[in-house]
Amino acid sequence: CVVGLALFGVGIALIVRGDLGLAPWDVLHQGLAERLDVGIGSVIIVTGGLLLLLWIPLRERPGIGTVLNALEIGLVVGLVLPLLPEPEALGLRAAATATGIVVIAVGSGLYIGAGLGPGPRDGIMTGLARRGLSVRAARTLIEVTVVAAGLALGGSAGVGTIAFALAIGPLVHVLLPRLTMARQEPALSSGSARA
């Protein structure tokens with residue numbers, strides 16, 4: 001879970017440095033931050049809290065991974081972003097964006113697959129998947145919806161936003177089953193085996 005969340009933060013930082021368009025949720029966060037005249041970090045935290053209210057009808061349960069998501073990703077972005085160069089060449093910017101998308105998909109698979117509770121945004125995806133949508137369809141629907149709302153609020157998007165919105169669902173759909181940890185039943189003690 002911790003490794004997955006760290007990778008997620010690194011992926012966000014790579015997309016920011018690619019400067020070809022923010023990930024859909026960050027387009028929404030930026031649009032809200034500009035409209036409300038508050039920092040984007042505050043908007044991310046408040047949005048996460050509000051999204052947890054949507055978990056109620058989806059019958060999602062938060063876990064330690066949900067809390068870690070809210071804290072760790074932002075910390076990693078803050079640590080990694082200043083260390084990354086700001087490429088000017090379009091090819092390097094495209095590579096940073098594409099790498100960021102893949103790293104976020106791997107991070108998502110790891111932290112959701114750890115079974116410690118999805119993040120506020122991914123809980124919506126897993127809740128919809130349990131209601132019959134595929135992970136791919138649920139994630140893509142969510143990403144396209146939030147980028148549209150973000151643009152309406154004045155957030156900035158670009159080709160990287162479109163690539164993220166279209167690619168993240170299929171990538172998570174493929175990676176999540178492969179990165180999900182198997183549940184291990186506790187071994188019976190010799191005393192309980194005799195009972």
Side-chain angles (χ1 to χ4, degrees), residues 2-45 47-48 69 72-113 119-122 124-125 134-176 178-179:
V2 171
V3 170
L5 292 170
L7 287 173
F8 202 105
V10 169
I12 290 173
L14 285 165
I15 291 171
V16 169
R17 283 296 183 243
D19 196 26
L20 294 175
L22 298 173
W25 280 105
D26 295 323
V27 174
L28 176 64
H29 296 143
Q30 181 189 46
L32 286 168
E34 289 179 9
R35 289 282 178 143
L36 300 171
D37 197 28
V38 296
I40 194 168
S42 298
V43 171
I44 290 170
I45 293 166
T47 301
N69 179 294
E72 185 181 349
I73 291 174
L75 291 171
V76 170
V77 171
L79 290 171
V80 171
L81 195 55
L83 302 175
L84 294 176
E86 296 183 40
E88 291 185 26
L90 181 58
L92 292 175
R93 291 170 50 211
T97 300
T99 302
I101 294 168
V102 172
V103 169
I104 286 174
V106 172
S108 294
L110 285 170
Y111 88 78
I112 295 169
R121 292 147 190 86
D122 288 315
I124 304 298
M125 175 189 69
S134 71
V135 169
R136 172 185 14 216
R139 184 68 183 241
T140 302
L141 174 67
I142 291 166
E143 301 295 335
V144 169
T145 301
V146 298
V147 78
L151 286 170
L153 291 167
S156 59
V159 69
T161 307
I162 295 167
F164 187 96
L166 296 176
I168 197 69
L171 286 170
V172 173
H173 181 81
V174 168
L175 292 169
L176 184 57
R178 289 163 176 78
L179 297 174

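Quick caveat, the model's predicted, so the values are computed rather than measured.
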Could you go through Leu20 and Leu90, starting from their C-alpha distance and side-chain angles, then the distance that decides it, and tell me whether this counts as side-chain contact (heavy atoms from CB on, under 4.5 Å)? CA-CA 9 Å; Leu20 294 175; Leu90 181 58; 3.9 Å; yes

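- Atom OG1 of Thr47 is separated from atom NE2 of His29 by 4.0 Å, given to the nearest 0.5 angstrom.
- Partners of Arg93 by side chain to side chain donor-acceptor pair (under 3.5 Å), not counting sequence neighbours: none found.
- Here the straight-line distance linking atom CG of Leu176 with atom CZ of Arg136 works out to 12.5 Å at 0.5 Å rounding.
- Of the listed residues (Leu22, Thr97, Leu84, Val80), just one forms a side chain to side chain contact (heavy atoms under 4.5 Å, CB included) with Val16, and that residue is Leu22.
- A 4.5 Å side-chain heavy-atom check between Pro24 and Val144 finds every atom pair outside the cut-off.
- Among Val147, Val146, Ile12, the one residue that satisfies the side chain to side chain contact (heavy atoms under 4.5 Å, CB included) test with Trp25 is Val146.
- Here the shortest heavy-atom pairing between Ser108 and Arg139 reads OG-NH1, 4.1 Å.
- Note that CG of Leu141 and CE of Met125 are 12.5 Å apart. Values are rounded to the nearest 0.5 Å.
- Between the CD1 atom of Ile104 and the CD1 atom of Ile15 there is a distance of 3.5 Å, given to the nearest 0.5 Å.
- Put simply, the side chain of Thr140 reaches to within 4.5 Å of the side chain of Pro170, judged on heavy atoms.
- Expressed to the nearest 0.5 Å, how far CG of Leu153 lies from CG of Leu36 amounts to 8.5 Å.
- Between the CD1 atom in Ile168 and the CD1 atom in Ile142 there is a gap of 12.0 Å [rounded to 0.5 Å].
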